There are 2 protein chains.
Amino acid sequence: MATRAGRTQRRTEALSRERIIEVAVELLDSAGDGGLTFRALTERLATGPGAIYWHVANKGELLEAATDGVITAALAAEPAEQADSPRDRIRAIALGLFEAIDRHPWLAPQLAAQFSRKPWGPVTPRIFESIGRQVRELGVPKENWFTATSGLVHYILGAAGQNAANAASVRLLRTEDERAEFVEAVAKAWEELDPEEYPFTRAVADQAREHDDREQFLAGIDLVLAGITAVQGQ
Amino acid sequence: MATRAGRTQRRTEALSRERIIEVAVELLDSAGDGGLTFRALTERLATGPGAIYWHVANKGELLEAATDGVITAALAAEPAEQADSPRDRIRAIALGLFEAIDRHPWLAPQLAAQFSRKPWGPVTPRIFESIGRQVRELGVPKENWFTATSGLVHYILGAAGQNAANAASVRLLRTEDERAEFVEAVAKAWEELDPEEYPFTRAVADQAREHDDREQFLAGIDLVLAGITAVQGQ
DNA sequence: ACCTGAACACCGTTCAAGT
DNA sequence: ACCTGAACACCGTTCAAGT
């Protein structure tokens, strides 16, 4: 195994904040929300808990740093430059966030927490800025900037968060077959609801069965975008 | 203290699943997400952990039951009947959910989890049905029912979840003064961002300072509603 | 059928001690 | 300055034993 510096080292690759965060993300990705423990961390890094606490204040800070890292990467990878309308760029950014949350489902609750509990932290402004710039270029009048951007961001985080978790659901169901099975089970359950109490949900079970997560997500984005342009009467 | 049955009892009010869930909600409301522990539960109920496990399978089931109870109450209290357009009824239902999450901030992550991990459970269809019926009455064509309803529900849960947590933030800030302080701190932080990297967020800091959570939330609902009617070209 | 409470495995965090 | 690892307080859950 090659080391960073190029020379072969014994066992220790020298502990660092970055290395700890990297392993934290790996643990979260592979073992889900409960996979990040200090025991697992010390094992993978071949140290004691004290060493980790020297680089990181506590578990909360570690989660924040992991979240910030992944989100920054997702926003930086923006294929948004390629799209040539603000509308398409918003769709691209939204899809990038959707896919980041899909790949790292532990992000969803983490993002919600940081957005509400720590809006002064790095993550909130990063997402807000990214979407907001495109809203401005959409020609939305200034007094509606905040409302329009909040609306989009809330939808994105809400929808992505909701969808994300079935990706990693009970035991990470990653394959298409498993996803299909999951969707089928839900549609079946909805079809078996009491006709008196749940006429609408029953009527819509078939659409739930047929839907594709990504398409559905983008259709929602289009809905909010249509609303934004409709409200300004343009 | 009067007992349910009217007669004065010694110490034990007879343990029951309902009583356990009731106390669980109290603990979550007063002490936040981490407030629900089996130790606290056994203390308040004057029993041992084994007694609780007799009535409830585990902590997860307890959280599900608490969530279902509070949401069912919120949807039943619908002042939606009073409103006389489907549009106003959607606003009323949405606001009811917003306020339930505001009063019980622990609901937010719980709802997200149940929506994605357990869409066959009782909570998802209840919310979906409630909003969906009004979408149908809005005159939305059948093939758009699922998309329109999902869009609304995702926005509601996303926005309510995001807003909710500052209600109970670090140490439940319930008074208007504390809320105002929180909002002011965020606006200040946004104004101090790097002008090169965050021009939009800085420009919008003032709107963030002035905004009212409820108004903002409803403006977002209107955005999605406008989108729904715009998309069907009516 | 319902409840008791000691015990188990595991968690995040601390801290005196080493280098 | 950076790391070690035993120890602490706390957690969800189990289970033999009681009534």
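As the structure is a computational prediction, the values presented were derived from the model and not from experiment. Below, chains carry the letters A, B, ... as their sequence lines are ordered, and counting in each starts from 1.
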* Is the closest basic N to carboxylate O distance between A/R39 and A/E43 below 4.0 Å? -> no
* Asked: Does the distance from a Lys or Arg side-chain N to an Asp or Glu carboxylate O, for B/E64 and B/R117, drop under 4.0 Å?
  -> no
* Asked: When you check the gap from the basic side-chain N to the acidic O, do A/E99 and A/R103 get nearer than 4.0 Å?
  -> no
* Asked: Heavy atoms under 4.0 Å, any strand shown: does A/L45 hit a base, just sugar-phosphate, or nothing?
  -> nothing
* Structure fact -> Atom OH of B/Y53 and atom C1' of C/dC8 are separated, to the nearest Å, by 13 Å
* Asked: Taking atom P of C/dC11 as reference, at what distance in whole Å does atom CZ of B/F38 sit?
  -> 18 Å
* Do B/E192 and B/K188 sit within salt-bridge range, that is, some charged N less than 4.0 Å from a carboxylate O? -> no
* Euclidean distance for P, C/dC2 against D/dA17 (whole angstrom) -> 22 Å
* Structure fact -> In whole angstroms, the gap separating P of C/dG12 from CD1 of A/I20 amounts to 14 Å
* Find the distance B/L15:CG to C/dA1:P and express it as a whole number of Å. => 17 Å
* For B/K59 and D/dC10, what is the distance between atoms NZ and P respectively, to the nearest whole Å? -> 15 Å
* Any idea which of D/dC2, C/dC11, D/dT4 is nearest the A/W54 side chain? -> D/dC2
* Structure fact -> Whole-Å distance, B/R19 CZ to C/dC3 P, equals 13 Å
* To do: Choose from C/dT13, D/dC11, C/dC11 the nucleotide whose nearest atom is closest to any side-chain atom of A/N58.
  => C/dT13
* When we call it a touch if two heavy atoms are under 4.0 Å apart, what does B/I52 touch: a base, just sugar-phosphate, or nothing? -> nothing
* **Candidates D/dT13, C/dG12, D/dT4 - which lies nearest the side chain of A/A51** => D/dT4
* Structure fact -> note: A/L63, atom CG; C/dT13, atom P; distance rounded to Å ~ 10 Å
* Structure fact -> Whichever of A/A40 and B/R39 has the more 5' nearest nucleotide on DNA chain C, that residue is B/R39
* To do: Both distances under 3.5 Å, Watson-Crick or G-U wobble: report the partner of C/dA7, or none.
  => D/dT13
* Using 4.0 Å as the upper bound for N to carboxylate O, is an ion pair formed by A/R19 and A/E22? -> yes
* Phosphate contact (D/dA1 OP1 or OP2) by A/H55 side-chain N/O below 4.0 Å -> no
* For A/G34 and for A/P49, locate the closest nucleotide of DNA chain C by heavy-atom distance; then report the residue assigned to the nucleotide nearer the 5' terminus. => A/G34
